[in-house]
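These numbers were taken from a predicted model, which means no experiment stands behind them. Within every chain, numbering begins at 1; the chains are lettered A, B, ... in the order of the sequence lines, protein sequences first and strands thereafter.
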Protein chains: 2
Amino acid sequence: MIRNVRSYGHFCMTARALERVGDRWSLLVIRDLLSGPKRFTDLVARLGGITPKTLTQRLRELDEADLVTADRQPGRREVWYRLTPAGADLGPVIDALNQWGLQHAWRLPQPGEPLHAEHLLRTAVAAIDRAADDHEPAAWHLILDGGDYLVRSDGHRWMLTAEEPSMPADVTVTGTAAALRALIFGQSDRDLAIAGDAEPLQRFQALIGTMATLVPMAELPASRTTVE
Amino acid sequence: MIRNVRSYGHFCMTARALERVGDRWSLLVIRDLLSGPKRFTDLVARLGGITPKTLTQRLRELDEADLVTADRQPGRREVWYRLTPAGADLGPVIDALNQWGLQHAWRLPQPGEPLHAEHLLRTAVAAIDRAADDHEPAAWHLILDGGDYLVRSDGHRWMLTAEEPSMPADVTVTGTAAALRALIFGQSDRDLAIAGDAEPLQRFQALIGTMATLVPMAELPASRTTVE
DNA sequence: CTGGATCCATGATGATACTG
DNA sequence: CAGTATCATCATGGATCCAG
């Protein structure tokens, strides 16, 4: 298998970093592994639009670059991909891109746009972390489209992981990504079950909509027609 | 002219950011404009290996994405490219990549590797900012290969710009990038003129070599002695 | 000289279908 | 579930050329 040895040939650590994660899809694979190990098909579901061929190639490259490892247990069909410590250290890069996107590439979810629960939550968490003053500890357990997510604050930063909580959560939400989107953007929440004590629940309701208040670009003046 | 409208189609601000700056070379163009406006040929010199065609295309795309603007003055031959505020906000992304590269992709400059003064300085500054405890205010003026660079600390962070200092600098260095590389990595500094008062000068000497102390990967397995 | 444009070759990616 | 195979298209690199 031919390796991607395209080098910029610069003595520059930014270029060196981009030689490893600058290919299309690479940083998005890292992004989706930052919340925990995933299987091939988990990644395909999140990376809507990636072809299996490309995902295979990226995972191989990231493996060779020692950013990702593949757990293959004998007698088990599934392969679990997870980040190495070096891969996990790309968290600040993803965070920086995420914050920049929030500032300069924000746009309401479009009607036909595929929406994965994990991406919606990631954006919500980034918006809360940036725009809200409330960083008191909290733990929310969300079960969306059958997947477990844990949103929590350690008192300083809000974080997202894709896992079942090891401790009881303050708030538990069950439903679909579409229902959560509706809740966030101020529409019906009939299809969402939200459980918890009154105070944490009220706090959840107050914070979860933070991203809907971000309207930096001209928003709602019809849609922007992309022409070539 | 066909535009690059390749979209990931995700509701995810990281993906949205990468749709704008994820193409090959794009973030490196941003990197080289972060230190100040540059001409087309200035960029070609720094982005060693980029073809004029690709640079033209990237500059057009970044212009349309409102990250870069082109200053074309009537009666002046040169075109000066500079970052818009949105483009300058990518600084944290570049910094994060740079720090990751310093940690996980560090390697001594190779013998035949082209070395641009600005990249060498950027790496030196990042290493000082990360590894050194000394963040007291300072201003160093370096004139390398005929270009002006200003390295300074505001008391919190070390920064690099490509400009003549507006205030007198503590230390002034004149020479070539190759001579600075030699100084940093502990070889001859005959071809480098270093001027300044004793104390700032001593501090410069103490800090400038910081990057040479970073040897995380297996380094110096001998046998590499070819120098031009 | 600067600031590109043009042509061609090659490599990377996408669409779709299929398999152990 | 975790990929392969095949084909088509797009993006990039290398070299060369050109206008102000």
Requested in this report: Please report, rounded to the nearest Å, how far the C1' atom of D:dA2 is from the CZ atom of A:Arg76.
Outcome: 13 Å
Query - Electrostatic pair B:Arg107:A:Glu19 at N-O distance under 4.0 angstrom - result: no
Report task. Round to the nearest Å and state the distance from B:Glu61 atom CD to D:dA11 atom P. Result -> 9 Å
Query raised in the report: What residues form a side chain to side chain donor-acceptor pair (under 3.5 Å) with B:Thr51, not counting sequence neighbours?
Result: B:Thr54
Query raised in the report: Can you find a side chain N or O atom of B:Thr41 that sits less than 4.0 Å from OP1 or OP2 on C:dC1?
Result: no
Query - Presence of A:Arg72 side-chain N/O under 4.0 Å of D:dA2 phosphate oxygens OP1/OP2 - result: no
Report summary line: side chain to side chain donor-acceptor pair (under 3.5 Å) filter on B:Asp95, not counting sequence neighbours, yields B:Arg157
Query raised in the report: Of B:Leu97, B:Thr123, B:Asp129, which is the lone residue that meets side chain to side chain contact (heavy atoms under 4.5 Å, CB included) with B:Leu102?
Result: B:Thr123
Query raised in the report: Going by atom types only, do B:Glu61 and B:Ser26 share a side-chain donor-acceptor pair under 3.5 Å?
Result: no
**Report entry** Upstream residue (5' side of DNA chain D) when A:Glu78 and A:Tyr8 are each assigned their closest nucleotide
**Finding:** A:Glu78
Report summary line: From CG of B:Leu55 across to C1' of D:dA11 the rounded distance in Å is 16 Å
Query raised in the report: Would A:Gln73 and A:Trp80 satisfy side chain to side chain contact (heavy atoms under 4.5 Å, CB included), going step by step from the backbone distance to the final call?
Result: CA-CA 9 Å; A:Gln73 302 277 347; A:Trp80 288 83; over 6 Å; no
Query raised in the report: Roughly how many Å is it from OH in A:Tyr81 to C1' in D:dA2, rounded to a whole number?
Result: 7 Å
Query raised in the report: For the ring pair B:Tyr8 and A:Trp25, is the centre-to-centre distance below 6.0 Å?
Result: yes
Query raised in the report: Rounding to a whole Å, what distance do you find between B:Lys38:NZ and C:dT2:C1'?
Result: 17 Å
**Report entry** Side-chain N,O (B:Arg24) to OP1/OP2 (C:dG11) below 4.0 Å
**Finding:** no
Requested in this report: Quickly work out the A:Arg6 CZ to C:dG11 P distance and round it to whole Å.
Outcome: 11 Å
Query raised in the report: Can you check whether B:Thr56 has a side-chain N or O nearer than 4.0 Å to OP1 or OP2 of C:dG4?
Result: no
Query raised in the report: With B:Val29, which of B:Leu67, B:Val21, B:Leu47 fulfils side chain to side chain contact (heavy atoms under 4.5 Å, CB included)?
Result: B:Leu47
Query raised in the report: A:Leu47 CG to C:dT13 C1': how many Å, rounded?
Result: 15 Å
Requested in this report: Output the distance between atom CG (A:Leu160) and atom CD (A:Glu118), rounded to the nearest 0.5 Å.
Outcome: 6.0 Å
Requested in this report: Name all pairs fulfilling the salt bridge (charged side-chain N to carboxylate O under 4.0 Å, His left out) condition that reach into residues 83-92 of chain B, sequence neighbours left out, sorted by first residue then second.
Outcome: none
Requested in this report: Look at A:Trp25 and C:dG14 and indicate whether a side-chain polar atom (N or O) is within less than 4.0 Å of OP1 or OP2.
Outcome: yes
Report summary line: the helix from C:dC1-D:dG20 to C:dG20-D:dC1: angle between terminal helix axes, five bp per end, to the nearest 10 degrees, reads 40°
Using a cutoff of under 3.5 Å, can you pull out all pairs of nitrogen or oxygen atoms linking the protein to nucleotides 15-20 of chain C, with atom names and distances?
unit_1	atom_1	unit_2	atom_2	d
C:dG20	N2	A:Arg77	NH2	3.4

**Report entry** Residues B:Asp23 and B:Arg6 bridged, charged N to O under 4.0 Å
**Finding:** yes
Requested in this report: Take the protein atom CZ of B:Arg60 and the nucleotide atom C1' of C:dA5, then report the distance between them rounded to whole Å.
Outcome: 10 Å
Report summary line: Residues in residues 26-34 of chain A with a heavy atom under 4.0 Å of DNA chain C, by number, are none
Query raised in the report: Can you check whether B:Ala105's main-chain N or O pairs, donor with acceptor, with A:Arg16's side chain at less than 3.5 Å?
Result: yes
Query raised in the report: Does A:Trp80 put a side-chain nitrogen or oxygen below 4.0 Å from OP1 or OP2 of D:dC1?
Result: no
